[in-house]
Amino acid sequence: MAKIISGKEVSLAVKQEVADEVAQLKNEGIEPSLAVILVGNDPASKVYVNNKKKACDFCGIRSLEFLLGEETTQEELMELVERLNNDETVNGILCQLPLPKHLDEQAVLNAIKPQKDVDAFHPENVGHIMIGDYAMLPCTPSGIMEMFRYEGIELDGKNCVVIGRSNIVGKPMAMLMLKENATVTICHSHTENLKKIVSEADVVVAAVGIPKFVTADMIKDGAVVIDVGINRMEDGKLCGDVDYEACEKKASYITPVPGGVGPMTIATLMKNTVTAAKIQNKRGK
Ligand code: L34
C-alpha cells in the first residue's frame, strides 16, 4: 500500500508560506499581482484559471483576469501582452495554454517579459533552467519537486523516468531531477521497450495525456509514482495517466487525480508571482 502524497495538503502548506510573505511585502508597500489571460471557451482551462484566482485570493495576491473571445486575433493578444509588460502594477503574466488553433503560442510566450514570466516558458528562462541558475521554474515540475521535498523523497542517484517530453512538463521535469543528481530517462511515443524502462524506475513521472497509460505491471515494487495527467472521461470524472487502483498496491508513494499535482501547479504559480514581485522591486533574486 502506497503512501498518498496529498497535493491538497502540500499546496496548502506552500500557499500558507506565500500568504505570510505577501503580508510582509504589503507592510513594505509591495502588493504582488498576477495577470492571467484566457482565450476561448475551453472548459478545463476555465476551471484551472478560476482555481488560480482563488489561490491568489487566499494568498493576498492581486489578480487580474483577461477573458478573451475565441475569435481574438494574434495582434490583439500581442497588444494585451505588451500593455501588461509595460504596466508596473503587474508583476506576473500568464497566458493559459492551450490557445485556440489559429493563434501562435510560442510567439505569445516569447513576447512576455522574462521578468514577468511566472510560467518560466520564455526561451530566456528556459535557458536559465538548462544551466541550472534560475529565479523561477515552470509551475508543474516545480510543484512536483516541492512534493518530493515535503515527503523527504531523495532523488540523488535514483533512476527517474519521465513519460512525456512537452516543454511544459516533461523536458523541464527531467532537468530539475537531473539537478538533484538523479539518472533521468525521458520516454515518449517513439520509445522502444517503454515498459522495460519504466519497470526499472525508482521514480516515475507520467505526463502523457492518456488515461491509465501506466499499469501496475510496468511499476517496480516500491517505486514513487507521480501522475500529471488530468483526463476528462465521458462520465465527467477525472482520470490520471496512471492506473491508480492497481499501481497504489505496488508503489511506495503515489499522487491522486484530482488532488495531486494540479493543486501544486497552482501553489508554485503563487510562489513565482511573489518571486517576480520581489525581483521587480529589487528584493533579491
Ligand atoms: N500557461 N498553461 C500555462 N501554465 C500552466 O501552468 C498551465 N497548466 C496546465 C495547462 N495549461 C497551462 C495549468 O495551470 C495544467 N494546469 C493545471 C492547473 C490547475 C489544475 C490542473 C491543471 C487543477 O486545479 N486541478 C485540480 C482539478 C481541477 C478540475 O476539477 O478539473 C486537481 O485537483 O488536480
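Fair warning: this is a prediction, and the values are worked out from it, not measured in the lab. The analysis underlying the following values was restricted to heavy atoms, covering all of them including side chains, and did not include hydrogens, waters or symmetry mates. Whatever order the structure lists ligands and atoms in, that order sets their numbers, starting from 1.
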Residues, nucleotides or ligands: over 12 heavy atoms within 6.0 Å of Lys26 NZ = yes
Non-hydrogen atom of Ala44 closer than 4.0 Å to ligand 1 | no
What protein heavy atom is closest to atom 33 (O) of ligand 1, reported as residue, atom name and distance in Å?
-> Gly259 N, 2.7 Å
State whether the shortest distance between N or O atoms of Phe121 and N or O atoms of ligand 1 falls below 3.5 angstrom.
-> no
Distance-only side-chain donor-acceptor flag, Gln280 / Asn91, under 3.5 Å = yes
Among Val49, Thr265, Ile266, closest by heavy atom to atom 19 (C) of ligand 1 is Ile266
contact_flag Leu238 ligand 1 heavy-atom lt 4.0 Å | yes
Crowding at NE2, His102 (>12 non-hydrogen neighbours, <6.0 Å) = yes
Taking atom NZ of Lys53 as the centre, does the number of heavy atoms from other residues, nucleotides or ligands within less than 6.0 Å exceed 12?
-> no
Is there any N or O on Leu97 that sits under 3.5 Å from an N or O of ligand 1?
-> yes
Kindly determine whether Lys196 and Glu200 satisfy salt bridge (charged side-chain N to carboxylate O under 4.0 Å, His left out), including the steps that lead there.
-> CA-CA 7 Å; Lys196 180 170 180 291; Glu200 286 167 1; 3.3 Å; yes
Atom 4 (N) of ligand 1: closest protein heavy atom, distance to 0.1 Å, is Asp119 OD1, 3.0 Å
List the closest protein heavy-atom neighbour of atom 12 (C) of ligand 1: residue, atom name, distance to the nearest 0.1 Å.
-> Gln96 NE2, 3.3 Å
Hey, could you give me the CZ/CD1 distance between Arg149 and Ile144, rounded to the nearest 0.5 Å?
-> 12.0 Å
Protein heavy-atom partner closest to atom 20 (C) of ligand 1 - residue, atom, separation in Å = Tyr48 CD2, 3.4 Å
Could an N or O of ligand 1 be found under 3.5 Å from any N or O of Arg232, whether backbone or side chain?
-> yes
Looking only at N/O atoms, are Ile168 and ligand 1 under 3.5 Å apart anywhere?
-> no
N or O pair under 3.5 Å between Lys52 and ligand 1 | yes
Filtering Val118, Val257, Val47, Asn50 for the heavy atom nearest atom 28 (C) of ligand 1 leaves Val47
Starting from the C-alpha separation in whole Å, work towards a yes-or-no answer on side-chain contact (heavy atoms from CB on, under 4.5 Å) for Val162 and Met177.
-> CA-CA 10 Å; Val162 181; Met177 296 201 294; 3.4 Å; yes
So is Asn51 polar-close to ligand 1, meaning N/O to N/O under 3.5 Å?
-> yes
Could you tell me whether Lys8 approaches ligand 1 through its side chain, its backbone, both or neither, with non-hydrogen atoms closer than 4.0 Å?
-> neither
